[in-house]
Amino acid sequence: MGGQWLLFSVDLLALFGIYLALNLSLRLQLGYTGIANFGLVLAFTGGAYVGGWLPIRLGMWLVEVDPSLAEDMIWNNVIIASQVDLSLQGAPFTAMTILLLTLLAAGAAGALLGLLSGYPAVRLGGDYLAISLLAFGEVLAIIGNNYDPVVGGPLGVRIPDVWAWAGDWRFMAASLANCVLALGVWMYLNSVERSPLGRVLRAIRDNSDAAASLGKNVARIRLNVIVAGGIICGLAGAMYTLYTTGVAPSALSRFDWTFLPWVMVIFGGSGSNVGVLIGTFVFILVQKLIITYKFALSFLPFDPVWLQFLLMGLVLILVLNFRPSGLVTEKASYALGRREMAKAAGKEGL
Amino acid sequence: MASFIDALTYSALLGLMGFGLTLIRRTTGVWNVAHGEVVTIGAYVALTATSFLSHSPYFFLPLAFIVCAAVSGIIFLAGIEPIRAKGASSMLLLVVTIAISLITIAAINIYADYLQNVFHLASKNFLFARFDFTLWGQMGILWSAWAALGALTVSYYLMLQHTRLGLALRALAEQPALAIVMGANVKALSFLSWCLAGGAAGLAGCLFPMRFQCHPGVGTSMIATMFAVSIFGGIEKMYGPLFAGLVLGFAQIYGIDLISSWIGPGVIPFKDLIPMIVLLLTLQFLPEGLSGFVGRRRG
Amino acid sequence: MSQLLRVQDLNAGYGAIHVLFDINLECDQGQAVAIVGPNGSGKTTFLNSIFRLADIFSGRVVLDGKEIQREKAHRITSYGIGYLRQEGNVFPGLTVEENLKMGAFNLPGKEVKERMDEVLSLIKPVEVFLRRTAGTLSGGEREMVALAAALMCRPKLLLLDEPTSGLSPIASAQIAELVKNLKDKTHLSMLVIEQNLKIMFDIVDKCYLLVSGRMIFSGQPEELQSDRELMRTYLGLS
């Protein structure tokens with residue numbers, strides 16, 4: 001029983017880390033800059049595809065694997081992955097090299113996808129931008145499902161486990177790594193918040209014309225933000241793949257990786273990092289509980305998974321109706337700290 | 001020839017779906033993401049009615065129209081209007097329609113599960129081609145889809161141009177506050193538009209399984225294509241979706257055949273990318289869509 | 001002269017924002033009443049609140065003996081009030097003729113043509129560009145179209161929100177001439193917001209001074225003009 005709870009919490013932690021990173025990416029784009037990115041799934045999928053494509057090839061190159069298997073990587077991927085796993089169990093440094101290289105490539109893929117989807121979109125007004133990004137989000141799913149060499153088509157592929165060396169602590173290590181990613185994004189956002197850049201972003205969000213008239217290149221800055229958001233999403237996608245040691249295009253849905261993050265961010269409050277954190281935690285917990293206790297609802301004449309959709313939709317509507325700014329609202333941020341402000345005011349005023 | 005007919009049929013259905021999106025955007029300024037699910041509901045009305053009442057699905061077109069008009073109207077009254085009345089931006093309303101879309105996806109799937117588990121219907125995958133009739137050597141669906149789209153577009157166009165209600169709808173699309181001041185009941189007009197849009201989607205949904213496989217996610221999976229139709233057609237004129245439906249329908253079915261005959265059959269699975277490409281090109285180079293372009297040329 | 005509009009202890013604003021405090025105002029049949037005051041004092045909000053485009057928190061709005069403060073926004077015009085808004089005052093994509101027809105939305109269908117002829121005889125310049133699209137007109141022409149459209153509903157009371165704002169002196173004078181002409185010929189009652197006091201003091205019978213959401217003066221235009229303190233402090237004139 002205790003083991004089950006441990007597994008539950010570790011998996012919760014892992015998903016929490018991934019989603020928090022993803023949601024903070026949305027917070028950067030929507031909350032700071034007012035970009036309604038309905039294509040989060042695009043860069044996330046890009047990162048996940050990199051995670052599905054690269055580690056197994058790196059693994060074959062770095063450790064001893066029967067080279068004849070490489071003739072059909074997709075067909076033989078389970079055998080190759082388990083052979084690489086065996087070698088990685090005793091080679092944490094090799095495993096971490098694979099991890100780092102994969103993250104690097106995933107970040108680059110995310111940036112590239114952000115650039116590709118953002119470039120045509122940033123000049124469009126509010127909801128047209130949203131629809132443009134929404135449409136873009138579908139592109140990789142169509143390619144992944146139909147072009148087998150990427151990640152094996154709809155069935156997906158299995159990949160080597162870069163956490164294999166941690167043995168029994170494998171899931172714990174992977175979960176913590178996910179949270180480290182989220183923490184990194186959190187710190188990045190915090191530093192943006194207090195910087196002049198943060199104020200420029202909010203200015204663009206609140207009145208892009210006024211910001212442009214003050215000499216800010218609005219389209220360029222928006223594009224930069226989408227690219228930065230894409231990098232974060234790409235990293236999250238790769239980390240997710242490395243955590244689950246598998247990737248299938250069908251599991252990278254618009255619902256899970258665009259709409260769900262939106263619900264969490266709107267619920268928690270797109271104007272606050274803490275709000276996003278709370279929103280993420282609450283929804284991950286609810287989702288895990290529904291999945292875990294699915295069997296208890298088996299008397300229903302339908303799949304209880306749909307209750308989750310129902311719940312998300314209802315919560316979103318209620319929040320938008322009664323508390324559109326979310327659970328935690330945006331706080332005014334000051335260029336100077338309180339003490340400096342008082343000092344400056346004291347000098348001027350008295 | 002078969003793919004030509006397929007393309008024609010598909011075009012009409014796309015036009016019907018895009019019609020509703022355009023109508024809603026024009027009159028209420030909302031991009032309705034839940035429109036795809038309304039189409040699916042139309043298909044399920046057809047499935048339910050044909051299974052339990054054993055008539056041709058054509059027989060239930062009016063029923064699908066009414067049910068989907070009601071669903072769309074309820075979506076407006078219960079979901080959109082309360083938030084719109086508080087002065088929400090079109091962006092926020094887009095998020096509202098996504099929330100509604102999640103709820104309707106759940107409802108449709110629960111209903112489909114229920115039909116399957118309790119009545120043992122093949123509700124996860126259905127096709128009614130066997131019910132279709134033949135007229136002048138072609139499947140009935142071709143004629144009926146075009147009849148529905150043509151009748152709807154022409155009658156709506158006449159209504160817009162020649163009635164006071166139409167005038168009010170056009171006025172509402174331009175300056176809602178001024179339209180109110182002049183006595184137009186904005187809520188009622190918007191409600192009417194949503195109902196009509198839902199009805200059109202219902203017709204499309206009811207006709208869709210006559211030729212194409214349907215499943216609980218059929219409308220959801222087509223929403224990006226519907227947006228492509230609506231935006232490519234341009235929201236300025238109501239004939240936009242009809243033309244855009246033709247272009248996209250042919251591009252997707254006939255065009256991919258053509259391309260694969262040059263390049264090879266490898267490209268066929270990627271036919272779903274065509275609407276996205278059209279959508280992105282439109283937003284980039286023709287942001288007002290076809291009708292805006294035509295309107296601008298004429299001055 | 002009988003009383004047409006009476007506003008009693010009106011408190012209004014937008015949502016949680018309280019803009020107007022205990023406003024009282026009266027307007028008799030055939031009278032032209034001006035509301036003056038600095039920017040942001042709540043003049044437009046006052047007209048909007050009569051039309052329920054702003055929220056009324058308390059107080060009464062009585063038109064011709066009927067209380068209308070609880071009516072829905074789109075019903076107000078059927079009580080006989082026309083409203084010329086400052087911004088977005090025409091439908092740019094419709095022709096001028098369609099704009100006028102839209103103005104008569106509440107009239108029975110068969111009366112529209114007749115009313116349009118009446119309005120065109122009052123505002124003659126509009127007849128020339130009846131077939132043009134409203135969006136292609138100049139500011140002054142647009143203002144005339146808007147004025148004509150506001151008259152289409154056979155109003156007893158006309159609300160005018162800065163009819164000359166943003167117009168050249170010539171166009172302003174033209175509009176002022178039309179308004180004056182309208183008042184003399186039709187005995188229509190008017191509530192006018194206007195920054196251009198010189199033009200207006202000739203036309204109006206009564207003045208209200210609105211400052212920070214409160215009425216601090218009411219009386220004859222001459223009285224206001226002679227009160228140098230008020231004129232200087234709030235209207236920047238001496």
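Note on naming: letters A, B, ... go to the chains in the order of the sequence lines (proteins, then strands), and numbering restarts at 1 for each one.
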| request: Please list, in residue-number order, every residue in residues 67-81 of chain C that has a heavy atom less than 4.5 Å from any heavy atom of chain B; write 'none' if there are none. | output: Ala73(C), His74(C), Thr77(C)
| For chain B, which residues from residues 85-92 of chain C lie under 4.5 Å away (heavy-atom distances)? | Arg85(C), Gly88(C), Asn89(C), Val90(C), Phe91(C), Pro92(C)
| field | Phe105(C) versus chain B, the contacting section by heavy-atom distance below 4.5 Å | value | both
| query | Does any heavy atom of chain C fall under 4.5 Å from the side chain of Ala179(B), the backbone, both, or neither of them? | reply | both
| request: Give every residue pair that meets the ring-ring contact (aromatic ring centres under 6.0 Å, His included) criterion with at least one member in residues 155-175 of chain B, sequence neighbours excluded. | output: Phe19(B)-Tyr156(B)
| Rounded to the nearest 0.5 Å, how far apart are CE of Met102(C) and CD of Glu174(B)? | 11.0 Å
| said: With a sphere of 6.0 Å drawn around NZ of Lys156(C), does it hold more than 12 non-hydrogen atoms of other residues, nucleotides or ligands? | reply: yes
| said: Taking every non-hydrogen pair under 4.5 Å, which of Cys153(C), Ala146(C), Ala149(C), Gly93(C) racks up the most with chain B? | reply: Gly93(C)
| task | Enumerate by number any residue of residues 22-33 of chain B whose heavy atoms lie under 4.5 Å from heavy atoms of chain C; in the absence of such residues, state 'none'. | result | none
| task | Taking all heavy atoms of Arg164(B) and all of Val112(C), pick out the closest pair and write down the distance. | result | NH2-CG2, 3.4 Å
| message | Taking every non-hydrogen pair under 4.5 Å, which of Asn185(B), Val186(B), Ile180(B) racks up the most with chain C? | response | Asn185(B)
